[in-house]
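Below you'll find the structure, written out as structure tokens, and then a few comments.
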Amino acid sequence: MDDHVDGIVDAWVRERPDLDATPVQVFGRISRLSRQVENELAQVFERYGLDRGEFDTLATLRRAGAPYALSPSALMQATMITSGAATKRVARLERAGLVTRSRDRADGRGRRVRLTAKGMALIDQAVAEHLGTEARLLKGLSSTEAQHLASLLRKLGNTLI
């Protein structure tokens, strides 16, 4: 079953047979799929009044386990963003009543970002819908195929680092 990327590869083979267009079969599809998935997931985030970064921040705090709090530097590392971006995200989430910032009891100089009860309820609902959307997007693959694809993508990712 051909797709749009096959047409692109065929055109390059016809127009520039001296070039190997094989990588387009992988990266063209990854690029197209990434945009489609981002659009689907953005709709989920919007239903909860969040953007991707805010969802990621709340989900990171939720995954941290009780007491659902991290230092700003740990949160920054886990979400792979700059300190400025983390500060802005946390400020927006704090204004919405989804997180609080307080002094770290173990280290009086440090700070902790903590999920509020409202933030916990919101992220628990949002992550359930998020994972449901991702599962729906994978329905065209068997469980074995999805696991194999995940393994191949992990391998590819490790070679790019």
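Side chains included, hydrogens not; waters and symmetry mates left out as well; all remaining heavy atoms used.
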Legend entry - Expected output: side-chain Ser31 to main-chain Phe27 donor-acceptor under 3.5 Å: no
Inset, instruction - Have a look at Val9 and tell me which of Thr22, Asp2, Val24 forms a side chain to side chain contact (heavy atoms under 4.5 Å, CB included) with it. - result: Val24
Legend entry - Thr82 to Met76 - nearest heavy-atom pair and separation: C-SD, 3.6 Å
Legend entry - Min side-chain heavy-atom separation Glu40-Arg136 under 4.5 Å: yes
Inset, instruction - Taking atom types as modelled, find out whether Arg63 and Thr60 have a side-chain donor-acceptor pair closer than 3.5 angstrom. - result: yes
Inset, instruction - For the pair Leu149 and Glu145, evaluate side chain to side chain contact (heavy atoms under 4.5 Å, CB included) and give the outcome as yes or no after the intermediate values. - result: CA-CA 6 Å; Leu149 177 59; Glu145 288 170 328; over 6 Å; no
Inset, instruction - Considering only NZ, NE, NH1 and NH2 on the basic side and carboxylate oxygens on the acidic side, decide whether Arg92 and Asp51 come within less than 4.0 Å. - result: yes
Inset, instruction - Could you state whether Leu137 and Leu131 fall into the same hydrophobic cluster, counting links through intermediate Ile, Leu, Val, Met, Phe, Trp or Tyr residues with side-chain heavy atoms under 4.5 angstrom apart? - result: yes
Inset, instruction - Check whether any side-chain heavy atom of Glu54 lies under 4.5 Å from a side-chain heavy atom of Ile123, and answer yes or no. - result: no
Legend entry - Residue pair Arg89 / Thr79, side-chain heavy-atom distance below 4.5 Å: yes
Inset, instruction - Over all heavy atoms of both residues, which pair between Ala126 and Val44 is shortest? Give the atoms and the distance, please. - result: O-CG1, 4.1 Å
Inset, instruction - Any chance you could measure Arg62, atom CZ, to Asp124, atom CG, to the nearest 0.5 Å? - result: 4.0 Å
Inset, instruction - Measure up the Phe45 and His130 rings against each other and bin them: parallel (under 30°), tilted (30 to 60°), perpendicular (over 60°). - result: parallel
Legend entry - Distance in Å, Leu138 CG paired with Thr133 OG1, rounded so as to fall on 0.5 Å steps: 11.0 Å
Legend entry - Common cluster, Leu160/Ile30, ILVMFWY with side-chain heavy-atom separation under 4.5 Å: yes
Legend entry - Nearest heavy-atom neighbours spanning Arg52 and Leu41: NH2-CD1, 3.7 Å
Inset, instruction - Flag yes if Ile81 and Leu93 sit in one hydrophobic cluster, no otherwise; membership is Ile, Leu, Val, Met, Phe, Trp, Tyr, and two members link when side-chain heavy atoms are under 4.5 Å apart. - result: no
Inset, instruction - Kindly indicate whether the side chain of Ser34, heavy atoms from C-beta on, has any atom under 4.5 Å from the side chain of Glu38. - result: yes
Legend entry - Worked verdict on Ser71 versus Ser73 for side chain to side chain donor-acceptor pair (under 3.5 Å): CA-CA 5 Å; Ser71 69; Ser73 61; 3.2 Å; yes
Inset, instruction - Check whether the side chains of Ser142 and Thr144 place a donor and an acceptor atom closer than 3.5 Å, and report yes or no. - result: no
Legend entry - Closest approach of Pro72 to Arg111 (non-hydrogen atoms, all atoms of both residues): CD-O, 3.2 Å
Inset, instruction - Verify the cluster assignment for Phe55 and Val99: are they in a single hydrophobic cluster under the rule of side-chain heavy atoms below 4.5 Å apart? - result: yes
Legend entry - Value rounded to 0.5 Å, distance of CG in Asp10 from CZ in Arg14: 8.0 Å
Inset, instruction - Check whether the side chains of Tyr48 and Glu129 place a donor and an acceptor atom closer than 3.5 Å, and report yes or no. - result: yes
Inset, instruction - Kindly work out whether a path of hydrophobic side-chain contacts (I/L/V/M/F/W/Y, heavy atoms less than 4.5 Å apart) joins Val37 to Leu156. - result: no
Legend entry - Any side-chain heavy-atom pair of Leu70 and Val113 under 4.5 Å: no
Legend entry - CG on Leu152 to CD on Gln147, rounded to 0.5 Å: 12.0 Å
Inset, instruction - Determine yes or no for a side-chain-to-main-chain donor-acceptor pair under 3.5 angstrom, with Arg112 supplying the side chain and Ala69 the backbone. - result: yes
Inset, instruction - With the side chain counted from C-beta on, respond yes when Leu122 and Leu50 share a heavy-atom pair under 4.5 Å apart, and no when they do not. - result: yes
Inset, instruction - Would you give the length of the straight line joining atom NE2 of His4 to atom CZ of Arg29, rounded to the nearest 0.5 angstrom? - result: 10.5 Å
Legend entry - Side-chain ion pair, Arg32 and Asp3, N-O less than 4.0 Å: no
